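The structure under discussion appears below in the form of structure tokens.
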Amino acid sequence: MDVKAIRGMSDILPGDVPKWRFVEETVRKVFGLYGFVELRTPVLERTELFLRGIGNETDVVEKQMYTFTDKSGSSLSLRPEATASVLRAVIEHGLLSEDPIRKIFSMGPMFRYERPQKGRYRQFHQINAERLGEGGPFSDAETLQMAYALASALGLKGLAMEVNSLGCETCREEFKKALQAYLSKQADRLCADCARRMATNPLRVLDCKVVSCKQAAEGAPVIEDYLCEECRDHYDQVLSYLKSFGVPYAKNPSLVRGLDYYTRTTFEITAKGLGSQNAIAGGGRYDNLVKVLGGPDAPGIGFAFGVERVILLLEERDAREEGCFVVAQGDERVKTAAVGLLSELRSAGIPAQAVPEKSFKAQMRRAGKSGYPFCAIIGQDELEKSLVTVKDLETSSQVQVPHTEAREKIRTLLKDRKGESR
Ligand code: AMP
């Protein structure tokens with residue numbers, strides 16, 4: 001059979017899984033420090049959710065969604081991002097009426113029909129955090145700081161955080177008018193999408209990757225000059241809290257980000273070593289989105305990390321399992337004793353494997369392949385004296401212990417070894 005995986009969708013092979021686990025464990029540890037709890041949503045949602053939650057005229061919705069009609073005629077889409085789904089779940093289950101402040105994280109696969117390249121895939125994974133019910137600048141700064149803390153805890157190097165404010169509906173209208181006036185003079189340089197979006201959604205032009213659009217946007221007015229007094233104050237306070245937190249940042253007035261729902265603060269974190277796809281995380285405030293999706297008038301802020309990009313930057317992690325291979329050298333009675341030891345080890349929480357039907361040589365070869373540091377050998381001699389030989393597979397040194405003490409001995413050896421490798 002030569003059926004292969006779909007382009008842009010990868011298998012995560014056992015050798016890479018330790019890196020994924022490290023990322024997931026670090027997320028739980030770091031986000032837990034800030035009181036975030038985990039929520040998991042389905043990968044499929046009604047298409048309408050994303051049209052409302054991300055915006056009709058974004059690249060994600062216009063070009064990148066995997067949308068299909070199911071057997072009952074409903075239009076469904078694989079989630080291209082997590083925020084809309086998380087908010088749907090929060091609203092559907094009344095989580096904000098139970099507690100008006102919610103801090104939620106989630107992890108899982110997202111799907112976008114993009115052109116695959118290093119760091120950009122069609123199925124990719126995101127770590128996502130949403131903080132609902134707090135509108136003040138402290139919650140912006142603390143959320144940004146949490147994202148930065150995660151990147152640092154993952155050991156990523158050359159981190160840079162860029163911050164911007166997109167203002168509120170009122171000041172953004174003023175800015176849009178000024179931007180439209182500017183862009184109308186650049187119309188011949190804009191791509192077909194931007195020429196169309198210019199009238200309805202001119203901010204998208206600032207996010208377009210087409211070179212001529214980028215050039216056209218170079219002299220465009222900047223949103224910071226249009227912020228109303230409240231948005232200006234909010235932005236200043238966010239920056240001042242970021243300083244108190246000791247988070248290094250740079251202002252980037254053209255950081256509009258690809259989704260329509262952002263208000264006020266937006267940000268992005270980049271890391272060295274990824275080439276052109278160097279954004280590892282991005283997010284921002286979305287004070288109208290919960291309401292737009294049919295929930296209470298609750299402000300929110302969130303971000304998403306791209307896990308594959310983080311994985312690309314991680315050093316190899318030790319994939320070896322801690323455990324003991326059980327080897328039987330002799331007749332049926334020896335095998336029975338070996339199988340008994342196998343069960344005893346597992347009952348004691350010690351990983352163990354065996355291939356007792358193979359020759360002694362083949363069993364020792366499997367022991368070496370297992371990645372376990374030790375094997376426990378029971379031969380005719382050991383059986384008669386109720387002993388077990390425990391062999392260090394790296395150094396070949398071995399000790400004999402009474403069968404009844406084998407379990408504890410192996411546990412201690414594994415523990416000592418773990419202590420040494422720290
Ligand atoms: P976004 O949801 O577009 O704001 O993206 C947030 C983060 O997800 C980005 O900074 C990337 O790290 C990651 N990301 C977005 N799209 C892709 C993709 N197609 N493949 C891999 N990672 C992605």
Side-chain angles (χ1 to χ4, degrees), residues 5-12 16 19-20 23 27 41 43 45 49-50 53-55 57-66 77-87 105-130 143-144 146-148 150-151 154 156 158-164 166 203-204 206-209 252 254-263 265-286 289 300-314:
I6 297 166
R7 195 161 112 87
M9 304 201 178
S10 305
D11 300 305
I12 301 164
D16 268 336
K19 288 187 187 178
W20 285 78
V23 172
V27 167
T41 65
V43 293
E45 297 277 357
L49 174 69
F50 301 119
I54 297 176
E57 286 177 334
T58 55
D59 274 354
V60 170
V61 163
E62 278 186 344
K63 301 179 191 163
Q64 298 172 352
M65 279 217 292
Y66 281 91
S77 296
L78 282 165
R79 60 182 182 191
E81 56 102 53
T83 304
S85 309
V86 169
L87 297 197
F105 76 93
S106 60
M107 299 193 256
M110 306 296 154
F111 304 84
R112 293 183 196 172
Y113 193 79
E114 293 197 80
R115 194 207 299 253
Q117 55 176 277
K118 185 185 169 199
R120 193 195 286 164
Y121 313 99
R122 289 179 175 172
Q123 174 175 319
F124 60 99
H125 294 70
Q126 282 189 339
I127 296 156
N128 178 268
E130 312 293 348
T143 306
L144 271 59
M146 183 172 88
Y148 197 82
L150 175 62
L154 290 167
L156 306 182
L159 295 174
M161 180 184 278
E162 290 189 341
V163 191
N164 192 23
L166 296 184
L203 256 73
R204 292 276 65 84
L206 301 180
D207 196 46
C208 184
K209 305 287 178 286
N252 175 359
S254 60
L255 185 72
V256 294
R257 311 230 352 105
L259 316 177
D260 264 358
Y261 50 62
Y262 291 117
T263 50
T265 311
T266 55
F267 77 103
E268 204 160 85
I269 301 177
T270 54
K272 275 218 175 80
L274 283 170
S276 60
Q277 305 300 317
N278 66 348
I280 53 160
R285 178 164 278 291
Y286 47 80
L289 189 58
I301 179 162
F303 61 79
F305 269 72
V307 183
E308 279 79 0
R309 294 188 191 177
V310 169
I311 298 282
L312 281 171
L313 293 169
L314 294 182

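Atoms within each ligand, like the ligands themselves, are counted from 1 in listed order. As the structure is a prediction and not an experimental result, all values here were calculated from the model. Here, residue 1 is the first one in the sequence, and each next residue gets the next number.
Formation of a donor-acceptor pair under 3.5 Å by the T41 side chain with backbone atoms of V86 is not found in this model.
Close contacts of ligand 1 with A281, meaning ligand atoms under 4.0 Å from a residue heavy atom, involve 10 (O). Remark: ligand 1 atoms within the under-4.0 Å shell around heavy atoms of A279 are 9 (C), 10 (O), 11 (C), 12 (O).
Of all the listed residues (R257, R122, R112, Q123), R112 holds the heavy atom that lies closest to atom 3 (O) of ligand 1. By heavy-atom distance, the residue among Y121, F124, Y113 lying nearest atom 14 (N) of ligand 1 is F124.
Here the heavy atom of the protein found nearest to atom 19 (N) of ligand 1 is E114 OE2, 2.6 Å. Nearest to atom 5 (O) of ligand 1 among the protein's heavy atoms is Q126 NE2, 3.5 Å. Nearest protein heavy-atom neighbour of atom 21 (C) of ligand 1: G119 O, 3.3 Å. Of all protein heavy atoms, the one lying nearest to atom 13 (C) of ligand 1 is G306 CA, 3.5 Å.
Between N252 and V163 the shortest side-chain heavy-atom distance does not fall below 4.5 Å.
At least one N or O atom of I280, backbone or side chain, sits closer than 3.5 Å to an N or O atom of ligand 1.
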Candidate pair R257 and E268, rule salt bridge (Lys or Arg N to Asp or Glu O under 4.0 Å), full reasoning:
CA-CA 9 Å; R257 311 230 352 105; E268 204 160 85; 2.7 Å; yes

Please evaluate residues E114 and R120 with respect to the criterion salt bridge (Lys or Arg N to Asp or Glu O under 4.0 Å), reporting the C-alpha separation (whole Å), side-chain torsions for both, the decisive distance (0.1 Å), and the verdict.
CA-CA 8 Å; E114 293 197 80; R120 193 195 286 164; 3.6 Å; yes

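Note: I301 CD1 to L144 CG = 6.0 Å, rounded to the nearest 0.5 Å. A distance of 7.5 Å separates CE of M110 from CD of E81, quoted to the nearest 0.5 Å.
Counting heavy-atom neighbours within 6.0 Å of Y113 OH, excluding the residue itself, gives a total of 12 or less.
By the criterion of a heavy-atom distance under 4.0 Å, neither the backbone nor the side chain of E308 is placed next to ligand 1.
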